[in-house]
Amino acid sequence: MATETHLRTCPLCEACCGLEITTEGDQVVRIRGDQSDPVSRGFICPKGSTLKQLHEDPDRLTSPRIKNDDGTWRDVTWHEAFAEIERRLGPIVDAHTRQALSIVIGNPNVHNLGGQLYLRPLIAAVGSTNIFSASTVDQMPKHVTAGLMWGRPDLFPLADIERTDYLLMLGANPRVSNGSLLTVPDFPGRLDELVERGARVVVVDPRRTKTADKASEHLTITPGTDVLWLLAIINTLFADDLVDIGRLAPHISGVDQVQAATIGFTPESIAERCGIDADVTRRIAHELAEAPSAAVYGRMGNHTTEYGSIASWAADVINALTGNLDRPGGIMFNCAPTQTLAPSEPGGRGFKLSRWVGRVSKRGEVKGELPAATLAQEILTPGEGKIRALVLVACNPVRSFPNSAQLDEAFASLDFMVAVDPYVTASSRHADVILPPTSALERSHYDFAFEANMIRVFAKYSKAVFATDAPREEEILSRLALVVSGKPSTSDPMLIHDSVVAQAVDQEIARESSPIHGRDREEILDVLSEWTWSEQLIDLKLRLGRFGDGFGATPDGLTLRRLIDDHPHGRDFGHLEQRFPDAIKTVSGTVELAPEPIMVDLDRLRSKLPGDHDLVGRRDLRSCNTWMHNVNVLIKGKERCTLQVHPDDAKRLGVIDGEMATVRSRVGEVTAPVEVTDDLITGVVSLPFGWGHGEPGIEMNTARTRPGVNSNRLTDESVMCAVSGNAALNAIPVEVVPV
Ligand SMILES: Nc1nc2c(c(=O)[nH]1)N[C@H]1C(S)=C(S)[C@@H](COP(=O)(O)OP(=O)(O)OC[C@H]3O[C@@H](n4cnc5c(=O)[nH]c(N)nc54)[C@H](O)[C@@H]3O)O[C@H]1N2
Ligand SMILES: Nc1nc2c(c(=O)[nH]1)N[C@H]1C(S)=C(S)[C@@H](COP(=O)(O)OP(=O)(O)OC[C@H]3O[C@@H](n4cnc5c(=O)[nH]c(N)nc54)[C@H](O)[C@@H]3O)O[C@H]1N2
Ligand code: SF4
Ligand SMILES: [Mo]
């Protein structure tokens with residue numbers, strides 16, 4: 001049998017590791033890190049090599065399914081599956097309008113081409129305001145503050161860790177997670193290099209994580225109080241005359257308002273609540289201001305708290321006040337090869353919140369979505385406009401959203417649900433129809449989102465490793481969009497693709513600074529006809545992107561063909577470049593340091609300070625959110641789903657290492673084995689996220705052997721960030737008792 005080597009990017013997390021996959025016929029014989037990938041340099045984590053096991057997993061669905069009246073499943077053809085959706089959805093829409101439909105989209109959509117390029121038509125087809133996603137159990141605070149501060153909710157501030165002199169990291173554990181909203185291929189290696197060249201890494205986390213352990217300094221903090229601590233740093237920058245905005249000074253507004261708003265938050269006033277001495281806080285403020293370059297980066301522990309948006313904002317206020325915004329070694333902004341770098345002036349339409357509100361929750365929309373934490377109540381509360389049917393795409397809310405028991409009940413009450421998912425999970429078991437996508441090895445790949453969040457400018461395309469007759473996820477989502485919009489289930493999904501491409505081309509033809517401004521649509525489509533589906537869109541975006549051939553305008557510029565032929569390991573275009581002030585798109589054309597929604601929430605903060613007894617989450621290197629525990633090599637060995645407790649607390653609570661304890665919150669309880677460890681501060685316990693595979697109906701038979709418990713039985717759907725609607729998944733008040 002012929003041995004072949006395939007080069008591709010791992011699609012499992014944000015780190016974009018290059019893989020070298022060796023196959024013999026239809027078998028994968030080896031997966032290792034691609035030593036010649038210019039950015040990941042051979043790095044790989046234990047999950048990357050399990051693409052083989054995922055592909056071969058007998059529990060992975062390879063045929064669509066319909067649920068029988070008695071709750072059992074039958075395998076059906078794709079035609080039957082779409083016909084069933086058509087048959088069931090039509091009457092619901094006729095009787096209750098489109099508002100009765102909801103779409104809920106999950107994390108893996110950002111990791112595959114179908115989700116990245118073909119969800120928009122499906123969301124439009126659903127046609128209601130009941131749109132939910134995993135973004136509001138994750139990074140919504142960062143979108144909101146990026147939107148409010150520089151007018152671009154998707155332009156994330158990236159800590160330039162290859163060049164920085166000082167990295168302050170809060171609530172992130174990239175030596176395990178491999179980074180988030182900051183794509184750093186080989187994050188661990190680059191952190192090592194940072195320390196080796198004499199720069200400092202300070203990690204703020206209530207746990208001694210792997211990242212904290214190897215940092216220059218680890219500061220423990222009371223969960224939920226980062227916001228207070230960051231405000232005290234801002235306070236110190238003003239009080240000690242350390243503010244020096246530098247180059248961007250003429251382009252930043254609201255500095256005086258920030259000073260006024262942070263006046264009460266002295267290091268002394270917050271020391272006890274945060275558990276950080278005033279001297280330390282003051283020293284860190286001075287170090288940040290005095291370092292030649294510095295970057296403040298916060299992630300899950302920082303964002304998924306009640307004041308997540310203020311915390312996200314405060315980090316970037318510090319970056320701005322210390323002159324580190326848009327400075328090499330500080331915070332930089334990417335412009336990926338699939339994006340245009342058109343000449344522009346500062347200023348734009350800005351970012352609006354709350355254009356509509358949830359029917360029951362009355363919570364405002366953010367980026368077109370309602371808060372995930374309100375999904376259950378929008379399904380369960382009777383009345384006009386109640387959600388009765390749901391389209392679930394690559395999401396497992398019954399594990400990943402807060403108060404999952406309530407959501408379980410809500411999903412069970414739906415009139416109809418269709419899930420696009422390769423597994424029968426805690427959530428998709430409630431579906432009436434399941435549409436399974438192909439395995440990662442059977443699809444091509446391009447990382448639009450993560451190249452845009454990378455600390456280098458980089459382009460890489462991955463071909464599918466194995467061919468298949470099964471429909472690509474692009475086709476599944478397109479056909480679903482047609483059926484959901486009321487078209488016959490026999491409609492050709494290509495209709496959706498054609499309209500997506502035509503729209504994208506027309507937009508460029510109309511845009512004055514586009515290299516194809518004023519040209520003929522058919523002529524452009526003719527050039528693209530070498531490709532179909534996603535590849536056509538990738539080629540289009542690369543050609544129109546900053547290094548592209550502009551359809552002939554720059555003859556030796558980038559095209560998909562050239563990227564594939566000349567750069568099979570990917571092409572590295574180097575460090576990020578400065579983009580402000582041109583890229584600032586607020587109405588004022590300045591970086592707005594004191595946006596009103598944040599100023600308003602600061603009043604709420606003053607009247608209700610965070611920082612009580614608390615549960616925090618964690619991630620394990622051998623996991624990927626809720627869905628990779630079905631891979632035996634990843635779950636074997638020591639128990640990973642444990643309740644971590646400090647020895648002093650264990651003594652006080654009467655719980656014993658290796659024995660069971662019950663954790664209770666306002667909304668529920670779980671019982672898990674105790675792991676006594678001084679990796680945590682006292683008063684804090686930690687349960688990992690993503691487990692709980694033992695319930696009836698979940699068809700993940702390997703995961704069932706080590707089911708673990710679901711930490712979202714404890715998280716409280718009523719506590720969320722008031723600005724972004726993001727759920728509070730950390731700093732949950734709980735009580736622990738021995739069993
Ligand atoms: N308590 C607590 N809750 C959390 C978190 C936490 O730290 N603590 N983390 C939050 C975060 S950061 C996130 S991102 C969310 C994640 O929440 P979700 O997006 O709900 O969960 P995932 O486990 O990432 O995957 C969802 C589903 O996608 C399916 N899937 C995998 N690959 C594909 C594919 O290629 N196509 C399709 N169609 N489906 C696929 C999987 O089988 C799985 O059922 O959870 C959040 N919830
Ligand atoms: N191995 C693995 N990698 C993953 C994932 C996975 O499930 N497994 N999931 C991926 C996804 S979707 C995401 S979003 C990223 C998340 O990536 P990260 O944000 O880097 O990962 P977490 O492990 O959630 O880190 C949160 C940290 O915050 C700490 N923490 C909790 N509360 C507080 C607090 O109030 N203040 C401070 N300062 N710290 C606090 C926790 O102890 C924990 O160490 O990881 C991605 N990568
Ligand atoms: S860190 Fe692991 S899961 Fe993430 S991209 Fe790399 S190999 Fe894949
Ligand atoms: Mo996430």
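In this text the structure is predicted, and so the values were computed from the model without any measurement. Side chains included, hydrogens not; waters and symmetry mates left out as well; all remaining heavy atoms used. Order of appearance sets the numbers: ligands from 1, and atoms from 1 within every ligand.
Judged by distance alone, with hydrogens and angles left aside, the side-chain atoms of Asn112 form a donor-acceptor pair with the main-chain N or O of Pro108 at under 3.5 Å. Within the 3.5 Å criterion, the main-chain N or O of Pro46 finds no donor-acceptor partner in the side chain of Arg622.
Tyr297 and Phe187 have tilted rings, their planes meeting at an angle from 30° to 60° on a 0 to 90° scale.
When only non-hydrogen protein atoms are considered, atom 15 (C) of ligand 2 lies nearest to Ser180 CB, 3.6 Å. The nearest heavy-atom contact from the protein to atom 31 (C) of ligand 2 is Asn730 OD1, 3.3 Å. For atom 4 (Fe) of ligand 3, the closest heavy atom belonging to the protein is Cys13 SG, 2.3 Å. In this structure, atom 35 (O) of ligand 2 lies nearest to the protein heavy atom Gly224 N, 2.7 Å. The protein atom (non-hydrogen) at minimum distance from atom 38 (N) of ligand 2 is Asp226 OD2, 2.7 Å.
In summary, Arg640 and Glu675 do not engage in a salt bridge, as defined by a charged side-chain N under 4.0 Å from a carboxylate O. Between Arg175 and Asp213 there is no salt bridge, since none of the side-chain N atoms of the basic residue sits less than 4.0 Å from a carboxylate O of the acidic one. Salt bridge Glu451/Lys460: absent, no basic N to carboxylate O contact under 4.0 Å. Ion pairing between a basic and an acidic side chain is recognised when a charged N comes within 4.0 Å of a carboxylate O; Glu217 and Arg283 show such pairing. With respect to the salt-bridge test (charged N to carboxylate O, under 4.0 angstrom), the residues Arg8 and Asp34 do not qualify.
Within a 6.0 Å sphere centred on CD of Glu272, heavy atoms belonging to other residues, nucleotides or ligands number 12 at most.
For ligand 2 and Ser623, the ligand atoms under 4.0 Å from any heavy atom of the residue are 1 (N), 2 (C), 6 (C), 7 (O), 8 (N). The distance from ligand 3 to the heavy atoms of Ile44 drops below 4.0 Å at these ligand atoms: 7 (S). For ligand 3, the atoms lying closer than 4.0 Å to a non-hydrogen atom of Asn178 are 1 (S). Counting the atoms of ligand 2 from 1 in the order shown, those under 4.0 Å from a heavy atom of Asp138 are 14 (S). Here is the list of ligand 2 atoms found below 4.0 Å of a heavy atom in Thr209: 44 (O). Short contacts between ligand 3 and Gly48, defined as distances under 4.0 Å to a heavy atom of the residue, involve ligand atoms 7 (S). Counting the atoms of ligand 2 from 1 in the order shown, those under 4.0 Å from a heavy atom of Asn107 are 12 (S). Of all atoms in ligand 2, numbered sequentially from 1 with element shown, those under 4.0 Å from a heavy atom of Val176 are 1 (N), 2 (C), 3 (N). Less than 4.0 angstrom separates some heavy atom of Asn625 from each of these atoms of ligand 2: 5 (C), 6 (C), 7 (O), 9 (N), 10 (C), 11 (C), 12 (S). Listed by number with element, the atoms of ligand 3 under 4.0 Å from a non-hydrogen atom of Cys10 are 3 (S), 5 (S), 7 (S), 8 (Fe). When each atom of ligand 3 is checked for a heavy atom of Lys47 under 4.0 Å away, the hits are 3 (S). Listed by number with element, the atoms of ligand 2 under 4.0 angstrom from any heavy atom of Arg299 are 14 (S), 19 (O). Close approach to Cys16 involves these atoms of ligand 3, each under 4.0 Å from a residue heavy atom: 5 (S). Contact atoms of ligand 2 toward Gly617: 41 (C), 42 (O) (distance under 4.0 Å to a heavy atom of the residue). Within ligand 3, the atoms closer than 4.0 Å to a non-hydrogen atom of Leu12 are 3 (S), numbered from 1 in the order shown.
In Asn302, neither the side chain nor the backbone holds a heavy atom less than 4.0 Å from any atom of ligand 2. Of all the heavy atoms of Cys624, the ones lying under 4.0 Å from any atom of ligand 2 belong exclusively to the backbone. Neither the backbone nor the side chain of Gln139 has any atom closer than 4.0 Å to an atom of ligand 2 (non-hydrogen atoms only). At a 4.0 Å heavy-atom cut-off, ligand 2 touches Asp620 through the backbone alone. Of all the heavy atoms of Leu621, the ones lying under 4.0 Å from any atom of ligand 2 belong exclusively to the backbone.
Nearest-residue assignment for atom 30 (N) of ligand 2 (options Pro688, Gly611, Gly301; heavy-atom criterion): Gly301. Here atom 41 (C) of ligand 2 lies nearest to Asp205 when heavy atoms of Val616, Asp205, Thr220 are compared. Between the choices Ser177, Gly171, Gly308, the shortest heavy-atom distance to atom 25 (O) of ligand 2 belongs to Gly171. Residue nearest to atom 7 (S) of ligand 3, selected from Ser40, Gly33, Cys45: Cys45 (by heavy-atom distance).
When only modelled atom types and interatomic distance are considered, Asn396 and Thr626 share a side-chain donor-acceptor pair under 3.5 Å. Side-chain contact check for Asp205 and Asn173: no donor-acceptor pair (N or O, by modelled atom type) lies under 3.5 Å. His143 and Ser724 share no side-chain donor-acceptor pair at under 3.5 Å. Between the side chains of Arg618 and Thr642, a donor-acceptor pair is found at a separation under 3.5 Å.
Checked by distance only, ligand 2 and Met300 come closer than 3.5 Å through their nitrogen or oxygen atoms. An N or O contact shorter than 3.5 Å links Arg619 to ligand 2 by distance. On a distance-only criterion, Ile221 and ligand 2 share no N/O pair closer than 3.5 Å. Checked by distance only, ligand 2 and Arg207 come closer than 3.5 Å through their nitrogen or oxygen atoms. The shortest N or O to N or O distance between Val204 and ligand 2 is below 3.5 Å.
The line from CD of Gln139 to CZ of Phe156 is 5.5 Å long, rounded to the nearest 0.5 Å.
Note on Cys17: counted as a metal contact of atom 6 (Fe) of ligand 3, an N/O/S atom lying under 2.8 Å.
For Tyr446, the ring-ring contact (aromatic ring centres under 6.0 Å, His included) test picks out Phe448, with sequence neighbours left out.
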Worksheet item: Leu621 and Lys210: side-chain contact (heavy atoms from CB on, under 4.5 Å), yes or no, with the steps?
Response: CA-CA 10 Å; Leu621 189 56; Lys210 240 183 177 172; 4.1 Å; yes

Worksheet entry | Steps toward side-chain hydrogen bond (donor to acceptor under 3.5 Å, both in side chains) verdict (Asp649, Thr682) | CA-CA 6 Å; Asp649 289 332; Thr682 55; 5.1 Å; no

